[in-house]
Amino acid sequence: MKIAVYCGSDFGKGDIYKEAASELGRWIGANHHTLIYGGGEAGLMGTVAREVFEAGQQVIGVIPGNVEFIKNRPQPYVTNLITTKNMSDRKETMLEMADVFVALPGGIGTLDEISEAITLTKIGVFDKPCILFNRNGFYEPLKSMVGQMVESGFLYSEDMTRVLFSDDLEEIRKFIEK
């Protein structure tokens with residue numbers, strides 16, 4: 001299975017998010033899955049990639065060719081590096097390649113990427129699980145906002161059946177399998 005992981009190129013405050021990235025990466029590797037990610041070596045991105053790589057599994061990095069700060073950095077844990085024309089093509093490539101999408105904590109880019117995956121699943125472009133790795137309640141405000149969208153009639157709860165907010169790897173495994 002190919003799992004796209006969206007996450008920060010920083011570690012965030014404290015060790016809790018780095019530990020979450022390590023845990024997820026080890027889980028991906030131990031279960032013989034392939035990682036698809038943004039190709040960077042820094043922050044949570046590099047942590048997930050290192051764990052999957054060290055488990056001997058494939059790590060596919062997808063980088064935009066027009067962004068110098070990414071292009072010129074070494075990707076020591078990448079087994080297959082794909083260079084796209086730009087960020088839009090990078091996002092599209094990752095969406096097409098992945099079977100599952102997971103968002104670890106991150107910034108606005110992480111939110112953008114997982115939101116697009118959720119939207120495309122919601123409107124039926126594909127039927128792929130979308131997981132928000134909710135370590136330390138990081139995604140609780142978004143979960144609350146989704147609830148408000150449902151309550152206000154802008155979103156239907158059945159539209160969110162392929163979306164999970166959790167950091168429990170057993171719950172995530174079961175969600176992916178169903």
Side-chain angles (χ1 to χ4, degrees), residues 1-31 33-95 97-118 129-143 163-169 172 176:
M1 180 178 314
K2 293 179 180 172
I3 300 177
V5 175
Y6 305 120
C7 57
S9 59
D10 289 310
F11 290 112
K13 293 183 178 177
D15 290 333
I16 194 161
Y17 304 120
K18 183 177 182 181
E19 290 166 6
S22 289
E23 183 181 329
L24 179 63
R26 284 191 302 272
W27 180 84
I28 291 169
N31 287 282
H33 299 308
T34 295
L35 172 66
I36 301 169
Y37 85 117
E41 65 168 325
L44 300 184
M45 285 201 300
T47 300
V48 172
R50 183 187 69 245
E51 294 290 353
V52 175
F53 180 83
E54 288 179 355
Q57 300 308 309
Q58 188 175 15
V59 177
I60 300 171
V62 184
I63 62 171
N66 66 337
V67 181
E68 290 299 317
F69 75 93
I70 294 175
K71 184 171 64 174
N72 291 329
R73 299 191 89 171
Q75 286 80 30
Y77 312 116
V78 173
T79 56
N80 182 14
L81 184 64
I82 298 170
T83 303
T84 62
K85 181 178 173 185
N86 53 42
M87 272 309 249
S88 294
D89 287 346
R90 171 189 177 218
K91 287 170 44 178
E92 185 176 330
T93 298
M94 291 177 71
L95 287 165
M97 290 181 73
D99 302 308
V100 176
F101 306 100
V102 178
L104 281 164
I108 202 73
T110 301
L111 183 59
D112 171 54
E113 290 174 312
I114 194 64
S115 294
E116 186 168 353
I118 292 168
C130 301
I131 295 122
L132 293 107
F133 203 87
N134 200 19
R135 182 59 48 92
N136 200 33
F138 184 84
Y139 283 111
E140 285 303 310
L142 180 59
K143 186 177 180 181
V163 178
L164 176 68
F165 290 81
S166 178
D167 72 345
D168 180 313
L169 292 169
I172 290 169
I176 290 170

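Note that the structure is a prediction, hence the values are computed from the model and not measured. Heavy-atom basis, side chains included; hydrogens, waters and symmetry copies ignored.
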Under the rule for salt bridge (charged side-chain N to carboxylate O under 4.0 Å, His left out), what residues qualify as partners of Asp89, not counting sequence neighbours?
none
Drop me the distance from Ile131's CD1 to Leu164's CG, to the nearest 0.5 angstrom.
6.0 Å
For Phe133, enumerate each residue passing the ring pair (Phe, Tyr, Trp, His ring centres under 6.0 Å) test, keeping only those at least two apart in sequence or located in another chain.
none
Any idea which heavy atoms bring Ala55 and Gly29 closest together, and the distance?
CB-CA, 3.6 Å
By side chain to side chain donor-acceptor pair (under 3.5 Å), Thr79 pairs with (sequence neighbours left out) none
Got Ile176 and Met1 here, is their nearest side-chain heavy-atom distance under 4.5 Å?
yes
Between the CD1 atom in Ile172 and the CD1 atom in Ile3, the distance rounded to the nearest 0.5 Å is 9.0 Å
The ring pair (Phe, Tyr, Trp, His ring centres under 6.0 Å) partners of Phe11 (sequence neighbours excluded) come to none
From CA spacing to verdict: side-chain contact (heavy atoms from CB on, under 4.5 Å), Met97, Ile82
CA-CA 11 Å; Met97 290 181 73; Ile82 298 170; 3.8 Å; yes
Tell me, please, which residues at least two apart from Tyr77 pass side chain to side chain contact (heavy atoms under 4.5 Å, CB included).
Ala49, Arg50, Phe53
The ring pair (Phe, Tyr, Trp, His ring centres under 6.0 Å) partners of Tyr139 (sequence neighbours excluded) come to none
Quick one: list whatever passes side chain to side chain donor-acceptor pair (under 3.5 Å) with Glu140, sequence neighbours left out.
Asn134
Heavy-atom distance under 4.5 Å between the side chains of Ile28 and Gln57, does that happen here?
no
Closest contact, heavy atoms only, Val52 versus Gln58:
CG1-O, 3.8 Å
Excluding sequence neighbours, so at least two apart, what forms side chain to side chain donor-acceptor pair (under 3.5 Å) with Asp10?
none
Glu51 and Gly25: which non-hydrogen atoms are nearest, and at how many Å?
CB-C, 3.6 Å
Salt bridge (charged side-chain N to carboxylate O under 4.0 Å, His left out) partners for Lys18, two or more places apart:
none
Within a strict 4.5 Å, meaning less than it, do heavy atoms of the Phe138 and Leu132 side chains meet?
no
Nearest heavy-atom approach of Gly38 to Met94 is N-CE, 4.1 Å
OH of Tyr17 to CG of Leu44: how many Å apart, nearest 0.5 Å?
10.0 Å
Donor-acceptor contacts, no H, no angles, side chain residues 106-116, under 3.5 Å, sequence neighbours left out:
unit_1: Thr110; atom_1: OG1; unit_2: Cys7; atom_2: O; d: 3.4
unit_1: Asp112; atom_1: OD1; unit_2: Lys91; atom_2: NZ; d: 3.4
unit_1: Asp112; atom_1: OD2; unit_2: Lys91; atom_2: NZ; d: 2.8
unit_1: Ser115; atom_1: OG; unit_2: Leu111; atom_2: O; d: 2.7
unit_1: Glu116; atom_1: OE1; unit_2: Lys91; atom_2: NZ; d: 3.0

Among residues at least two apart in sequence or on other chains, which ones pass side chain to side chain donor-acceptor pair (under 3.5 Å) with Arg135?
Glu23, Asp167
How close do Thr47 and Ala21 get, heavy atom to heavy atom, and via which atoms?
CG2-CB, 3.8 Å
Kindly give the heavy-atom pair with the smallest separation between Met45 and Ser9, and that separation in Å.
CE-CB, 3.9 Å
Do the side chains of Leu95 and Phe101 get nearer than 4.5 Å, heavy atoms only?
yes
Using 30° and 60° as the class limits, which term best fits the ring planes of His33 and Trp27: parallel, tilted or perpendicular?
tilted
